[in-house]
Protein chains: 2
Amino acid sequence: MREVTIYDIAKEAKVSVATVSRVINDTAPVKGSTRAKIEELISKYNFQPNAMARSLLKKETGIIGVIVPDLTNPFFPEVFAGAEEEAQSSGHTFLLSNSIGDTRKESEYLSIMREKRVDGIMFLGGRINLKHCDEHLVQELVQHASVIPTVLVNGELKNSGLIRVATDESFGTALAVRHLAQLGHKKIGFIGGENHMTTTSIKLRAFRKTMKEEGLEVCEDWILPDSFSIESGKRQMLKLLSMKEKPTAIFCVNDYTAIGAIKAATESRLSVPDDISIVGFDDIPLSHHFIPELTTVSQKAHELGRTAIKVLQAMMNKEKVKKLTTLEPHLVVRQSTSAPVQP
Amino acid sequence: MREVTIYDIAKEAKVSVATVSRVINDTAPVKGSTRAKIEELISKYNFQPNAMARSLLKKETGIIGVIVPDLTNPFFPEVFAGAEEEAQSSGHTFLLSNSIGDTRKESEYLSIMREKRVDGIMFLGGRINLKHCDEHLVQELVQHASVIPTVLVNGELKNSGLIRVATDESFGTALAVRHLAQLGHKKIGFIGGENHMTTTSIKLRAFRKTMKEEGLEVCEDWILPDSFSIESGKRQMLKLLSMKEKPTAIFCVNDYTAIGAIKAATESRLSVPDDISIVGFDDIPLSHHFIPELTTVSQKAHELGRTAIKVLQAMMNKEKVKKLTTLEPHLVVRQSTSAPVQP
DNA sequence: CTGAAAGCGCTAACAT
DNA sequence: ATGTTAGCGCTTTCAG
């Protein structure tokens with residue numbers, strides 16, 4: 001059956017649609033008695049104004065589009081939750097899509113969001129984490145962003161001028177490596193991360209830099225990028241353990257690879273941290289429930305989400321915003337790191 | 001700047017808007033040359049038709065509303081991913097909201113989705129898991145569902161007649177308990193779950209029933225509901241371990257409580273499964289990465305999501321669907337269960 | 001094959 | 001305080 005419209009209720013209340021609109025939006029004074037009658041009818045028919053019609057006119061949908069690479073990675077739901085919390089203030093709701101890091105899907109979702117006239121876009125993962133991003137992918141996003149306020153979270157599009165909110169990953173990496181060095185570790189490895197992604201290169205660069213600052217030598221055999229999964233952490237740790245000269249501590253690009261590394265070590269009858277120290281990155285909820293609890297760099301995912309939405313709200317209000325808002329991560333020391341056995 | 005409309009491009013192409021509409025939707029033959037010109041203009045201006053305007057007319061938005069209690073619980077992203085996969089076939093996108101199990105938020109989101117005229121609603125958690133759900137909450141959902149195709153996932157609204165898709169939790173529980181019994185366990189405990197939720201009572205009932213079938217006695221002291229968090233699993237396990245008579249195996253209502261229980265046991269210097277066997281429920285991705293890997297009942301979250309959307313699509317096409325579609329879980333035996341030490 | 005015109009449901013001047 | 005009316009951007013008869 002047809003949904004009831006503002007006309008239906010105007011007719012039954014014997015007033016014009018304008019009056020009904022007025023009581024719905026409380027946009028002008030209406031006589032008590034008419035207002036009462038209208039309100040009664042509204043609840044009688046359970047009338048809900050059609051947001052499409054309204055949006056068509058107002059050019060606002062109350063929807064923010066979110067593109068994430070993989071909601072199954074606990075970091076993203078956390079960011080999303082933060083975003084949702086912050087968006088309450090402006091009454092925005094979310095159109096969410098998993099891109100699985102596939103740039104074609106990203107393009108598709110971008111296009112859908114554009115058609116649906118979302119008020120803003122929060123973009124995570126995929127092309128904005130690529131070390132070498134195809135020019136037309138950059139242009140596509142720039143083009144959309146010129147029409148729809150867009151914020152990039154934890155990523156970048158080389159000289160695109162797009163607004164970003166990001167964790168300072170260099171700083172976080174330095175924190176972790178310094179922690180290991182201060183515990184007395186001299187032989188430190190690096191596990192995980194795909195080579196063509198910026199997160200990996202940023203962390204690797206910071207790793208080398210901090211090692212140098214701490215007066216430590218980097219052993220190239222122990223630099224083992226792969227991917228971001230638990231499996232890859234496991235795989236690389238196994239490789240490391242099969243070498244004759246092994247590190248006493250390992251920096252992993254994220255908590256998943258760290259957990260994989262711990263699994264591999266444990267299954268090889270080594271104890272973490274007694275035999276080898278491991279530090280992760282992200283601080284996903286699980287990291288402090290794992291056995292042993294993971295020492296890691298907290299990304300403040302929740303705050304990242306909140307901040308991104310704050311920036312987006314400012315943009316939607318046409319306020320001026322900084323090109324880059326940085327969030328400083330901090331180190332969370334738990335059980336997976338300790339001083340090395342042999343000095 | 002104003003978005004370009006179908007009028008703009010009609011004007012420049014020197015044709016009517018109708019013709020432009022025709023080439024966009026390929027809804028009637030258009031002469032090759034005019035079509036070419038129009039298409040050129042479309043890409044020149046990067047024109048994207050306004051979905052609002054279109055929806056207003058077609059009474060379809062291409063959006064499915066999803067209400068989940070907590071995306072931070074890895075079970076839900078998995079369901080969502082399945083849903084997303086299935087929705088590709090019908091080209092639907094998702095408006096997603098976390099209700100945090102708060103019925104007021106649910107109502108709010110329901111209302112927003114109704115205003116936005118989503119094509120369908122997938123509802124998880126919250127009120128549909130309550131043992132005693134307030135009548136007006138039931139009515140509210142029934143009311144919405146009478147206008148918008150709605151499917152309840154893993155929940156129920158007592159004699160509301162609403163369409164549901166659900167895991168057979170009784171069956172799953174039986175699977176787990178039987179597994180424990182077959183390993184030789186006679187003293188089995190039950191941890192987790194909030195008392196006022198149906199998941200808990202369904203599982204508890206199945207637990208008792210299966211115990212009886214296996215000829216085992218239920219010790220009431222070992223029935224320890226609480227909540228669904230890792231913390232609560234830990235808490236109840238600690239309580240259990242402080243008793244003078246302890247069970248040799250434990251059924252946990254979900255993987256999180258199982259992980260909490262393992263943590264508590266491990267920290268109390270007990271070994272899982274050597275000293276105590278633990279079985280979970282859900283099979284979240286993490287359960288097979290935990291140490292020890294968790295024996296659990298797989299909910300097939302991904303398939304649950306896919307199935308729910310399939311059902312929803314059928315409803316949106318006004319096909320007849322079954323009131324209840326059941327998914328059979330299966331047992332995944334991993335490392336956290338083994339035969340008890342003392343016979 | 002193409003154009004004119006009537007809405008879809010609502011808001012916002014502009015009148016009264 | 002309330003009614004009239006002109007759109008918002010698009011699709012879809014109905015006529016050519």
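In this text the structure is predicted, and so the values were computed from the model without any measurement. Letters A, B, ... mirror the listed sequences (proteins, then strands); counts begin at 1.
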ask   = NZ of B:Lys59 versus P of C:dC10: gap in Å, rounded?
value = 9 Å
query = Does A:Gln48 reach the main-chain N or O of B:Ser111 with its side chain, forming a donor-acceptor pair under 3.5 Å?
reply = yes
Side-chain donor-acceptor pairs of residues 49-59 of chain A under 3.5 Å, sequence neighbours excluded:
| unit_1 | atom_1 | unit_2 | atom_2 | d |
| --- | --- | --- | --- | --- |
| A:Asn50 | OD1 | A:Met52 | N | 2.7 |
| A:Asn50 | OD1 | A:Ala53 | N | 3.3 |
| A:Arg54 | NH2 | A:Asn25 | OD1 | 3.3 |
| A:Ser55 | OG | A:Ala51 | O | 2.7 |
| A:Ser55 | OG | A:Glu60 | O | 3.0 |

inquiry  = With a 3.5 Å distance limit and no angle check, can you tell me whether A:Arg164 reaches the backbone of A:Gly155 through a side-chain donor-acceptor pair?
reply    = yes
query = Can you tell me if A:Gln299 uses its side chain to pair, donor with acceptor, with the backbone of A:Thr167 under 3.5 Å?
reply = no
remark   = Nearest-nucleotide check on DNA chain C, B:Thr19 vs A:Leu56; residue mapping nearer the 5' end is B:Thr19
note = Heavy-atom contacts, protein to nucleotides 10-16 of chain D, under 4.0 Å, summarised as B (base), S (sugar-phosphate only) or - (none) per nt, yield BSBB---
inquiry  = When you compare the side chains of A:Gln313 and A:His92, does any donor N or O come within less than 3.5 Å of an acceptor on the partner?
reply    = no
query = Side chain of A:Lys158, backbone of A:Cys133: donor and acceptor closer than 3.5 Å?
reply = yes
ask   = Whole Å only: how far is the CD atom of A:Glu60 from the C1' atom of C:dC10?
value = 14 Å
task = Can you sort out which residues in residues 34-45 of chain B have a heavy atom within less than 4.0 Å of DNA chain C? Ascending by number, please.
result = B:Thr34
ask   = Is a donor on one side and an acceptor on the other found under 3.5 Å between the side chain of B:Glu12 and the backbone of B:Leu41?
value = no
task = Mind listing the closest non-hydrogen atom pair of B:Asn98 and B:Tyr109 along with its distance?
result = O-CE1, 3.3 Å
